[in-house]
**Student:** 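After the structure tokens below, expect a handful of questions from me.
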Amino acid sequence: MLNIVLFGPPGAGKGTHSQRLVSRYNLKHLSTGDILRSAIQEQTEEGIEAAKFMDRGELAPDRIALKIIGQCLDEFNGTTNGFVFDGFPRTTVQAAEFDVLMKNRNTAVSLMLSLEVEYDELILRLEKRAQHSGRIDDGDISIIKNRIQVYNQQTRPVKEYYKKQGKYVEIHGMGTVDEIFQKICNVVELIESR
Ligand code: AP5
Ligand code: MG
């Protein structure tokens, strides 16, 4: 299986490149952010709890993110060539527990692709997207900045977890979407040819 963790700060292009990866390599896209936004719309217990954090640009509890991923793996594992994990794992606790979830299902993360984008470009992209996204956490520049700060403090350390496993690959995420996606595909094809 090809299991890609697509990593990067808010606005780095995780969602954009997930969609392309999914169609090029026939994978299943699992975005914890998208799943949580659906849960909020449906007003499930988890959605109501997560909304308190998401609306402020904070992380939802690890327990909720892990439950979502466990349920999705049970639903789709064995029916797909692999997964693109978009926005998960986001803490080292999630990363360690994720390894257990994957191992219990006889699979593993293949690689982490980390999209590296400069701060000013992240702000520009998110402010532009805010005009049409309808996302509450795009609605205010202070929430956008808080999301980036939360990434730097709580999520960035997850890179070290995958570096230690020899699964970490950095992608320069500035430039056009086509240019960046080509670099991503080059890495994926190298991994697949091993
Ligand atoms: P999530 O939905 O994952 O949001 P995020 O990490 O803030 O990232 P975004 O979706 O804003 O950006 P992206 O990297 O997907 O970029 P995109 O491709 O859209 O999480 C939201 C919240 O949910 C979190 O804050 C947290 O509360 C909660 N949550 C989610 N997962 C969790 C977890 N595991 N644990 C705990 N809590 C969790 O691109 C951005 C924009 O830029 C788009 O408009 C795009 O068109 C444009 N763009 C993309 N690439 C380029 C380019 N190369 N040039 C110009 N524009 C570009
Ligand atoms: Mg996204």
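Remember, it's 1-based here, ligands and their atoms both numbered in the order they're listed. Computed from heavy atoms alone, side chains included, the values below leave out hydrogens, waters and symmetry copies.
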**Student:** In terms of hydrophobic clustering (I, L, V, M, F, W, Y; side-chain heavy atoms under 4.5 Å; direct or indirect links), are I171 and L190 co-clustered?
**Tutor:**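 Per the 4.5 Å side-chain linkage, I171 and L190 are not co-clustered.
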**Student:** For atom 12 (O) of ligand 1, find the nearest protein heavy atom and state the residue, atom name and distance (0.1 Å precision).
**Tutor:**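 Looking only at protein heavy atoms, the one closest to atom 12 (O) of ligand 1 is G11 N, 2.9 Å.
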**Student:** Quick one: does S18 get within less than 4.0 Å of ligand 1, heavy atoms only?
**Tutor:**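 No, S18 has no heavy atoms under 4.0 Å from ligand 1.
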**Student:** As an exercise, identify every atom of ligand 1 less than 4.0 angstrom from a heavy atom of Q94.
**Tutor:**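 Close to Q94: 33 (C), 34 (N), 35 (N), 36 (C).
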**Student:** Do K159's NZ or CZ and the ring of Y168 fall within the cation-pi criteria of under 6.0 Å and 45°?
**Tutor:**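 No, K159 does not lie over the aromatic ring of Y168.
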**Student:** Nearest to atom 16 (O) of ligand 1 by heavy atom, P89, G13, A130: which?
**Tutor:**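 The option holding the nearest heavy atom is G13.
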**Student:** Measure the spacing between CD1 of I4 and OG of S18 and express it to the nearest 0.5 Å.
**Tutor:**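 So the CD1 of I4 and the OG of S18 are separated by 8.5 Å.
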**Student:** In terms of side-chain heavy atoms, does Y25 have a donor or acceptor partner in E189 at a distance below 3.5 Å?
**Tutor:**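 Side-chain D/A pair, Y25 to E189: present.
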**Student:** Around atom 8 (O) of ligand 1, find the nearest protein heavy atom and jot down its residue, atom name and distance.
**Tutor:**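 Atom 8 (O) of ligand 1 sits closest to the protein heavy atom K14 NZ, 3.1 Å.
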**Student:** Provide the number and element of each atom of ligand 1 under 4.0 Å from a heavy atom of D137.
**Tutor:**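 Counting atoms of ligand 1 from 1, those under 4.0 Å from D137 are 21 (C).
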**Student:** Do me a favour and list the nearest non-hydrogen protein atom to atom 45 (C) of ligand 1 with residue, atom name and distance?
**Tutor:**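 Nearest protein contact, heavy atoms only, for atom 45 (C) of ligand 1 is T16 OG1, 3.7 Å.
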**Student:** The test is ring pair (Phe, Tyr, Trp, His ring centres under 6.0 Å); show your working for Y151 and F7 and say whether it passes.
**Tutor:** CA-CA 10 Å; Y151 168 83; F7 193 78; 5.7 Å; yes
**Student:** For atom 10 (O) of ligand 1, state which one of E127, E121, M174, R135 supplies the nearest heavy atom.
**Tutor:**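 When every heavy atom of E127, E121, M174, R135 is considered, R135 comes closest to atom 10 (O) of ligand 1.
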**Student:** N/O to N/O below 3.5 Å, does that happen between A60 and ligand 1?
**Tutor:**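 Min N/O separation from ligand 1 is below 3.5 Å for A60.
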**Student:** Is the shortest distance from a Lys or Arg side-chain nitrogen in R125 or E121 to a carboxylate oxygen in the other one below 4.0 Å?
**Tutor:**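 Looking at E121 together with R125, the answer is yes, because their closest N to O distance falls below 4.0 Å.
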**Student:** For atom 30 (C) of ligand 1, find the nearest protein heavy atom and state the residue, atom name and distance (0.1 Å precision).
**Tutor:**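 The closest heavy atom on the protein side is R90 NH1, 3.4 Å.
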**Student:** Do NZ/NE/NH1/NH2 and the carboxylate oxygens of D138 and K128 come within less than 4.0 Å?
**Tutor:**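 Answer for the salt bridge query: no.
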**Student:** Who's the nearest protein heavy-atom neighbour of atom 47 (C) of ligand 1, and how far?
**Tutor:**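 For atom 47 (C) of ligand 1, the nearest protein heavy atom is R125 CD, 4.2 Å.
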**Student:** I'd like the name of whichever of H17, R147, R37 reaches closest to atom 21 (C) of ligand 1 through any heavy atom.
**Tutor:**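 Checking each option, the heavy atom nearest atom 21 (C) of ligand 1 is found in R37.
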**Student:** If you measure from the Lys or Arg side-chain nitrogens to the Asp or Glu carboxylate oxygens, is any gap between E49 and R63 under 4.0 Å?
**Tutor:**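 A salt bridge links E49 with R63.
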**Student:** Under 3.5 Å, N or O to N or O, is G57 touching ligand 1 that way?
**Tutor:**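 No; the residue has no nitrogen or oxygen that sits under 3.5 Å from a nitrogen or oxygen of the ligand.
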**Student:** Quick one: does L59 get an N or O within less than 3.5 Å of an N or O on ligand 1?
**Tutor:**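 Such a contact does not occur with ligand 1.
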**Student:** What protein heavy atom sits nearest atom 29 (N) of ligand 1, and how far off is it?
**Tutor:**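 Here the closest protein heavy atom is L36 CD1, 3.7 Å.
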**Student:** What protein heavy atom sits nearest atom 9 (P) of ligand 1, and how far off is it?
**Tutor:**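 Ranking protein heavy atoms by distance from atom 9 (P) of ligand 1, first comes R129 NH1, 3.6 Å.
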**Student:** Which atoms of ligand 1 are found less than 4.0 Å from any heavy atom of L126?
**Tutor:**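 What qualifies from ligand 1 is 11 (O).
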**Student:** So which heavy atom in the protein is nearest atom 25 (O) of ligand 1, and how far is it from that ligand atom?
**Tutor:**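 Ranked first by proximity to atom 25 (O) of ligand 1 is E58 O, 4.0 Å.
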**Student:** Taking atom types as modelled, is there a side-chain donor on N3 or T107 under 3.5 Å from an acceptor on the other?
**Tutor:**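 The criterion, which ignores hydrogens and geometry beyond distance, is satisfied for T107 and N3.
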**Student:** Against the six-membered ring of F53, is R56 placed for a cation-pi contact (under 6.0 Å from the centre, within 45° of the normal)?
**Tutor:**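 So R56 does make the cation-pi contact.
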**Student:** Just heavy atoms, cut-off under 4.0 Å: does I180 contact ligand 1 by side chain, backbone, both, or neither?
**Tutor:**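 Contact part for I180 vs ligand 1: side chain (C-beta onward).
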**Student:** For E45, is the CD atom crowded, meaning more than 12 foreign heavy atoms sit under 6.0 Å from it?
**Tutor:**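 For E45, atom CD is not crowded (no more than 12 foreign heavy atoms under 6.0 Å).
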